[in-house]
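To keep things clear, I will list the structure first and then write my remarks on it.
Fair warning: this is a prediction, and the values are worked out from it, not measured in the lab. Per chain, numbering begins at 1; letters A, B, ... match sequence-line order.
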2 protein chains.
Amino acid sequence: MPEDKAGVSSSSTGRNLRYLVSHSTYLAAIGKIPDTLPTHKRTFMKGHDLIHEGQRGQNAYLLRDGWACSYRILHDGTRQIINFHIPGDLVGIRRLITFASDDNLCAITRMEAEEISVDDLSIALRGNSCLAMSILWSAFRDEAIVTQHLIDVGRRHPINRAAHLFLELGSRLNLAGLGTKTAFECPLTQSLVADALSLTTVHFNRVLRQLRELNAMTFHDGRVAFLDSRKLEHLADFDSSYLR
Amino acid sequence: MPEDKAGVSSSSTGRNLRYLVSHSTYLAAIGKIPDTLPTHKRTFMKGHDLIHEGQRGQNAYLLRDGWACSYRILHDGTRQIINFHIPGDLVGIRRLITFASDDNLCAITRMEAEEISVDDLSIALRGNSCLAMSILWSAFRDEAIVTQHLIDVGRRHPINRAAHLFLELGSRLNLAGLGTKTAFECPLTQSLVADALSLTTVHFNRVLRQLRELNAMTFHDGRVAFLDSRKLEHLADFDSSYLR
DNA sequence: CGTGTTCTTGAGAGTAATCAAATAGAGTGG
DNA sequence: CCACTCTATTTGATTACTCTCAAGAACACG
């Protein structure tokens, strides 16, 4: 508990010294990358891979419209979906450093994205520590999301797991200015969600029925509706602070 | 597959433009942080939390000796271990931006670490884009490790899952200059490993027996020995490239 | 109208959790 | 030095949950 050696760096000073700003500031900074860098508007068909495993990546993408997901296919053919990506997300920046992106990235719907050369981004980063901090923020946020996903898959029962995923998607969409507090358009199939939750499609279908029968939420016809957010949050043990 | 619009930014130019350097270069840069920043040598007792959930973090830690783990405790009391940390790892940097660290960090053994004020680190980052890239590298690497962990827990059978974790630890220790190709000191309990693998201690114990009976590996008395690395790598579907 | 995909439900099999208990070892205090 | 405690490991028996296999229903698309 003893945490300080006298108040040279008081907490308020600390806050000023650090680049600590709000979610929306970072989000805005990411969204404004195209104002400072040459980008290239691209459209991807549903089902097309934006980034393919092993492919030497030269580009990152700022998603503008549509959904995508990052995933891995294992030896036995099973798929693990790592994360779903929505408009406003910056994907593929790991290529700034690691060269080969280890995750595949697939368009779930028709997608509009701005292609950013990682070389250009790298140059811009050098002189612009504000941009660098935004990229770092984006990386930390992705890590926090994957960490939550690991906790979800590792330690929550299927019904709680599903509740958590949908609540997270709802929060992220809200922060991106999409959907409402209690409903959102969700272009995922049951098979996609099941592969994210590490369940079979059959079992996820039964879980959805349970959630419906509890009057907690519904998911059909490309739309998620929260019937009882309180109940859902309780089921999921959900705290959205990691998203902000 | 069509990937380029003529070779203005050829791949070799690209490589120079980016900060793409080897693992060891980044690792060295992280290890040299104390040369450029004031740090504070600290020792933690086994079982002590270096970082506690919700605590307002002012410090990051560069681990010098001993093992730690980051973890979360869920409502029902179950624990998910997110990652094990070994000497050379930089932990707690998420606090540069997110303020509240969401993971707890606990010393598994007696630990020696260098405490780094995130304020100091933040200031240093501004003028030093090389340091910034090293921090970014560290963040990406952590994300890659958590992602592999998610795939492990989500889609691999317990025996393959265990094999993967031990191979990863072996590789990371090797890269940090510890252990040999076929054995390393491993101060974890079965209970800790089980909580990382999302298995019960009882079941992990049976998995260990299977691995022993397959003559693949052993883990007892604080020591892991790979008896048949080929067999293990095949079991785990292991590719160490995400660690480099 | 046929084809393919997604969703839904049923029945049975198999795996990991739970419950229970014995063993072993380290550390403590009398 | 020995009894005692606490933790870690190991094994067995039973339960429960999720997967697998199978098939039908709903719907979109050409």
Check: If you measure only the distance, is there a donor-acceptor pair under 3.5 Å linking the side chains of B:E115 and B:Y61?
Finding: yes
Item checked: A:R155 vs A:Q190, nearer the 5' end of DNA chain C by closest nucleotide -> A:Q190
Notebook entry, point to check: Rounding to a whole Å, what distance do you find between A:R209:CZ and C:dT9:C1'?
Noted result: 7 Å
Note to self: Under a 3.5 Å cutoff, is there a donor and acceptor pairing between the side chains of A:D49 and A:H52?
What the structure shows: yes
Check: Atom CG of A:L188 and atom P of C:dT5: how far apart are they, to the nearest Å?
Finding: 19 Å
Notebook entry, point to check: Of the nucleotides C:dC7, D:dA8, D:dC19, which one has an atom closest to the side chain of A:T189?
Noted result: C:dC7
Next item on the list: Go through C:dA17, C:dA20, D:dT18 for me and flag the one nearest to the B:H203 side chain.
Entry: C:dA17
Note to self: Please classify the nucleic acid contact of A:S198 as base, sugar-phosphate, or nothing, using heavy-atom distances under 4.0 Å.
What the structure shows: sugar-phosphate
Item checked: Rounded distance (Å) that lies between atom P of C:dA16 and atom CZ of B:R156 -> 15 Å
Notebook entry, point to check: Does A:S191 make a side-chain N or O approach to OP1 or OP2 of C:dT6 shorter than 4.0 Å?
Noted result: no
Check: If you measure from the Lys or Arg side-chain nitrogens to the Asp or Glu carboxylate oxygens, is any gap between B:R94 and A:E143 under 4.0 Å?
Finding: yes
Note to self: Counting only side-chain heavy atoms from C-beta out, which of C:dA16, C:dT9, D:dG12 sits nearest to B:H157?
What the structure shows: C:dA16
Check: Between atom CG in B:L197 and atom C1' in C:dA16, what is the gap in whole Å?
Finding: 13 Å
Checklist line | Nearest-Å distance for atom pair CZ/C1', residues B:F204 and D:dA8 | finding: 13 Å
Check: For B:L199 and C:dA17, what is the distance between atoms CG and C1' respectively, to the nearest whole Å?
Finding: 10 Å
Note to self: Rounded to whole Å, please give me the gap between CG in B:D195 and C1' in C:dA17.
What the structure shows: 14 Å
Next item on the list: Output the single nucleotide from D:dC19, C:dA16, D:dT11 whose closest atom is nearest the side chain of B:N205.
Entry: D:dT11
Next item on the list: Report the C-alpha separation of B:D152 and B:R161 in whole Å, then their side-chain angles, then the decisive distance to 0.1 Å, and conclude whether the salt bridge (Lys or Arg N to Asp or Glu O under 4.0 Å) test is met.
Entry: CA-CA 5 Å; B:D152 217 27; B:R161 204 184 294 181; 5.8 Å; no
Next item on the list: Using atom CG of A:N160 as one end and atom P of D:dT18 as the other, report the distance to the nearest whole Å.
Entry: 10 Å
Check: Hey, does A:R206 reach any base, or is it just sugar-phosphate, or nothing, if we go heavy atoms under 4.0 Å?
Finding: base
Check: Which nucleotide sits closest to the side chain of A:R212: D:dT11, D:dC19, C:dT8?
Finding: C:dT8
Notebook entry, point to check: Taking B:R72 for the side chain and A:I151 for the main chain, is one N or O donor matched with an acceptor at less than 3.5 Å?
Noted result: no
Margin query: Side chain of A:P158 only, heavy atoms from C-beta on: which candidate in D:dT18, C:dT9, C:dT6 is closest?
Written below: D:dT18
